[in-house]
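What follows is a short report on a single structure.
Below, read A as the first sequence line, B as the second, and so on, with proteins coming before strands; counting in each chain starts at 1. Being a predicted model, the structure only gives us computed values, none of them experimental.
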Amino acid sequence: MSTPVVSIEHVGEHAGKEVSIRGWLYNLRESGKLLFPIFRDGTGIIQGVISLKEHPDAFNAAKGLTQESSVVVTGKVAAEARAPGGYELHVSALEVVQRVSESQPYPIQLKEHGVDFLLDQRHLWIRTPRQASILRIRAEAERAARNFMDSQGYTLTDAPIFTPAACEGTTTLFEVDYIDDQKAYLTQSGQLYVEATAAALGKVYCFGPTFRAEKSKTRRHLTEFWMLEPEAAYAHLEDMMALGEGLVSAMVQECVKNRARELEMLKRDVSKLEKIKPPFPRIMYEEAIKVLNENGNPAKFGDDFGGDEETIISKNFDKPVIIHRYPAAMKAFYMATDAARPELSLSFDMIAPEGYGEIIGGGERLSSYETVIERLRQNNLPEESFQWYLDLRRYGSVPHAGFGLGLERTVAWICGTEHIREVIPFPRMLYRVYP
RNA sequence: UCCCCGGUAGCUCAACGGUAGAGCAUUCGGCUGUUAACCGAAGGGUUGCUAGUUCGAAUCUAGCCCGGGGAGCCA
């Protein structure tokens with residue numbers, strides 16, 4: 001009869017019973033003829049106790065064992081107030097799967113480390129309980145986002161990574177040599193492609209990595225980040241603001257519900273997240289300018305909002321804030337304008353609370369062939385590359401709208417992390433592509 | 001691209017013009033309830049690179065390289 005293998009997160013269900021845990025040695029404290037190893041298995045950590053007198057074989061196998069050596073341990077689960085986590089394992093047997101060499105000890109210690117060092121060790125850094133928690137929350141947020149979109153009747157239609165042209169500014173494109181004289185670029189957004197699939201399927205979204213060659217070095221920027229981009233035919237600005245509210249609320253609430261342990265591990269103030277339910281405050285761009293002026297910020301019509309401005313505006317609310325109808329001149333070529341106020345675009349941004357910045361940008365798209373042509377020329381974009389896009393206006397053009405949600409910024413806000421580099425398994429940033 | 005800050009042992013830092021140091025990690029020894037355990041000992045360094053100032057430079061100066069934070073731009 002072999003003992004059952006259990007995960008540490010479920011170990012409490014086996015109190016008083018003999019179990020096996022397959023994992024790694026997280027830390028080892030020695031106290032004479034008693035050893036206090038801490039094991040981790042990816043789902044949590046648990047302290048073991050090994051007595052020389054009772055289990056000499058296990059004791060000798062564990063004594064001097066190096067951090068992060070892989071082990072299979074067997075023992076009895078016991079409720080123990082003195083143990084971190086409430087349970088400990090009275091180890092009776094320990095099998096070392098691979099012993100970490102003393103000459104090349106595990107580099108990450110149980111103490112503070114610098115950012116540069118940790119990023120160089122990212123492949124190992126993700127083993128720490130904090131990083132593992134963040135990655136579980138990211139997964140939860142992704143799952144919640146897809147479930148929500150699917151529940152709203154949206155179909156996932158993935159957009160290509162290689163594209164023939166820009167869809168945002170041309171200066172932020174990663175160029176890739178393709179066949180002979182052809183150029184390809186890494187996508188900045190799946191937006192143009194979901195416009196096409198929206199005309200085919202009605203309500204669609206894409207979800208995948210996007211790339212921006214921006215020279216941005218801030219805690220809110222990654223060179224490679226994931227974006228969820230819904231697009232719906234016959235939809236208008238109002239529809240997208242409502243969809244964005246529902247999507248963000250679902251992502252936050254599912255994490256609160258299903259990842260309470262991880263949020264607690266991160267010491268996140270969950271009461272702030274529990275409030276994130278529709279409706280969110282909505283203000284027009286012009287009103288936002290007014291709020292800024294009242295708070296001593298000299299912003300004027302036509303200015304874009306930077307981090308400072310976003311913080312001032314979001315500070316007045318405990319939910320994400322939707323700012324809509326930005327000046328048309330500030331927005332991308334495909335953005336529709338307000339018929340009543342042609343100088344304003346039918347666009348909106350959603351600003352996360354607590355200074356996490358813009359998590360959604362979107363709006364209603366141009367549907368007129370003539371206007372699209374005109375804007376392409378104004379923006380010096382190559383018409384020949386956009387013939388397929390123009391076809392969408394030639395053949396049954398309809399009003400349509402959508403937005404892009406930045407996954408990492410949203411998850412960073414949910415987790416309360418200082419920097420978004422922690423919320424993606426392997427961050428790609430300016431000057432950093434290792435590991 | 002611009003503005004600030006930094007680079008000393010494997011890691012986190014100290015020394016700020018006069019012999020390069022501590023804690024952690026590693027090795028050895030001790031400890032039956034430890035909580036980033038503790039106690040004792042040992043090994044471990046071209047102070048990011050190059051040039052300059054000086055009797056003497058980790059320390060002052062210049063240039064370069066690397067990293068961090070921010071601006072612009074964006075999600």
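A salt bridge does not link D338(A) to R341(A): none of the charged nitrogens lies less than 4.0 Å from a carboxylate oxygen. Between D318(A) and K272(A) no salt bridge is recorded (no basic side-chain N to carboxylate O distance below 4.0 Å).
Contacts of E408(A) classified as salt bridge (Lys or Arg N to Asp or Glu O under 4.0 Å), with partners at least two apart in sequence or in another chain: R138(A). Residues that satisfy the side-chain hydrogen bond (donor to acceptor under 3.5 Å, both in side chains) test with E418(A), not counting sequence neighbours, are R219(A). Partners of E287(A) according to the salt bridge (Lys or Arg N to Asp or Glu O under 4.0 Å) rule, which considers only residues two or more places apart in sequence or in another chain, do not exist here.
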Check: protein-nucleotides 1-3 of chain B nitrogen or oxygen pairs below 3.5 Å:
| unit_1 | atom_1 | unit_2 | atom_2 | d |
| --- | --- | --- | --- | --- |
| U1(B) | O4 | K215(A) | O | 3.0 |

Atom pairs, N/O to N/O, protein against nucleotides 5-11 of chain B, distance under 3.5 Å?
| unit_1 | atom_1 | unit_2 | atom_2 | d |
| --- | --- | --- | --- | --- |
| G10(B) | N2 | Q109(A) | NE2 | 2.4 |
| C11(B) | O2' | H113(A) | ND1 | 2.5 |
| C11(B) | O2 | K111(A) | NZ | 2.2 |

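When distances run from any side-chain atom of K33(A) to the nucleotides G68(B), U32(B), C74(B), the shortest one goes to U32(B). Of the candidate nucleotides G67(B), G69(B), C73(B), G69(B) has the atom lying nearest to any side-chain atom of H419(A). Closest to the side chain of K53(A), out of G68(B), G70(B), U32(B), is U32(B). Side-chain proximity of R421(A) to the nucleotides C73(B), G67(B), G68(B) is greatest for G68(B). With A71(B), A75(B), G33(B) as the choices, the nucleotide that has an atom nearest any side-chain atom of H221(A) turns out to be A75(B). Each of G33(B), G68(B), G69(B) was ranked by its minimum atom distance to the side chain of F36(A); first place goes to G33(B). The listed nucleotides are U34(B), U26(B), G67(B); the one nearest the side chain of E102(A) is U26(B). Out of G70(B), C74(B), U32(B), the shortest distance to the side chain of S51(A) is found at U32(B).
Helical stems in RNA chain B, defined as runs of 3 or more consecutive Watson-Crick or G-U wobble pairs with donor-acceptor distances under 3.5 Å: B:1-7 with B:65-71, B:10-13 with B:21-24, B:26-30 with B:38-42, B:48-52 with B:60-64.
Ring-centre distance between W24(A) and F39(A): not below the 6.0 Å cut-off.
Comparing the C1' positions of U61(B) and C16(B) gives an interatomic distance of 15 Å, to the nearest angstrom. The separation of A9(B) from C49(B), taken at their P atoms, amounts to 11 Å, rounded to a whole angstrom.
Protein atom CG of L35(A) is 13 Å distant from nucleotide atom P of G33(B), rounded to whole Å.
Using a 4.0 Å cut-off, some side-chain N or O of R432(A) falls inside it from OP1 or OP2 of G68(B).
If you check distances only, the side chain of E30(A) never reaches the base of U34(B) with a donor-acceptor pair under 3.5 Å.
No engagement by D349(A) is indicated, since no non-hydrogen atom pair under 4.0 Å with the nucleic acid exists.
Between the side chain of K331(A) and the main chain of Y326(A), no donor-acceptor pair closer than 3.5 Å is present.
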